[in-house]
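Remarks on the structure that follows.
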Amino acid sequence: MVDIFVAHAAELAEEGSRRIITHAERGVGVIRAKGTLHAFANHCPHQGGPVCDGLLIHQVEEVLGPDKSYQGMRFDTDTLNLVCPWHGWEFNVQTGRTAGDPRFSLRRFEVIERDGDIFVRLPG
Ligand code: FES
């Protein structure tokens, strides 16, 4: 394993801030979401799109009435998704799993904060 420098901690302090690095010809995105830094391969499991460039949005859910009739849609503010810019697949930023099919996940990496700097731990 090798620790790769990503940024100074202050550069990724704000919610939604991100940095995409390239190591060994592979992209890795480090994103601060829901107060935590997450690192994913910048490679969508659908068709390889640059998923870490995508928008962060709250998950949309349908609202059903007591009789199960459709009442509209709303944002689930507990669940934040990363949306792949190519075809819109959504991935839970805390788990890396797709909202639609949990068989597909983003590849995750460990994020390390040390002495005011942020690193991502990648296979050597
Ligand atoms: S490549 Fe990501 S949704 Fe298709």
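Atoms within a ligand are numbered from 1 in the order they appear, just like the ligands themselves.
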May I ask you to list the atoms of ligand 1 that are less than 4.0 angstrom from any heavy atom of [X]?
| X | value |
| --- | --- |
| Gly49 | 1 (S) |
| Cys44 | 1 (S), 2 (Fe), 3 (S) |
| Gln47 | 1 (S) |
| Trp86 | 1 (S) |

Salt bridge or not for Asp3 and Arg114, using N-O below 4.0 Å?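 Between Arg114 and Asp3 there is a salt bridge, with a charged N closer than 4.0 Å to a carboxylate O.
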If you measure from the Lys or Arg side-chain nitrogens to the Asp or Glu carboxylate oxygens, is any gap between Arg74 and Glu61 under 4.0 Å?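 Yes, charged N to carboxylate O under 4.0 Å.
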Return the name of the atom in His46, of element N, O or S, nearest to atom 4 (Fe) of ligand 1.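 Closest to atom 4 (Fe) of ligand 1 among those atoms: ND1.
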Once you round to the nearest 0.5 Å, how far does CG of Asn81 lie from CZ of Arg97?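 Those atoms lie 13.0 Å apart.
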Value rounded to 0.5 Å, distance of CD1 in Ile118 from CD in Glu113: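 Result: 5.0 Å between the selected atoms.
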When you look at Gln59 and Asp76, which way does the side-chain hydrogen bond (donor to acceptor under 3.5 Å, both in side chains) test go after all the steps? CA-CA 5 Å; Gln59 183 159 310; Asp76 169 6; 5.1 Å; no
Heavy-atom distances under 4.0 Å are what count here, so tell me which part of Trp89 touches ligand 1: side chain, backbone, both or neither.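 Trp89 to ligand 1: contacts from backbone and side chain alike.
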Which class fits the ring pair His46 and His87: parallel under 30°, tilted 30 to 60°, perpendicular over 60°?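 It falls in the perpendicular class, over 60°.
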Check whether any N, O or S atom of Cys84 sits under 2.8 Å from atom 4 (Fe) of ligand 1.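 Looking at Cys84, which is the residue asked about, there is no N, O or S atom under 2.8 Å from atom 4 (Fe) of ligand 1.
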Metal check, atom 2 (Fe) of ligand 1 vs His87 N/O/S, cut-off below 2.8 Å: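 Checking atom 2 (Fe) of ligand 1 against His87, no N, O or S atom falls under 2.8 Å.
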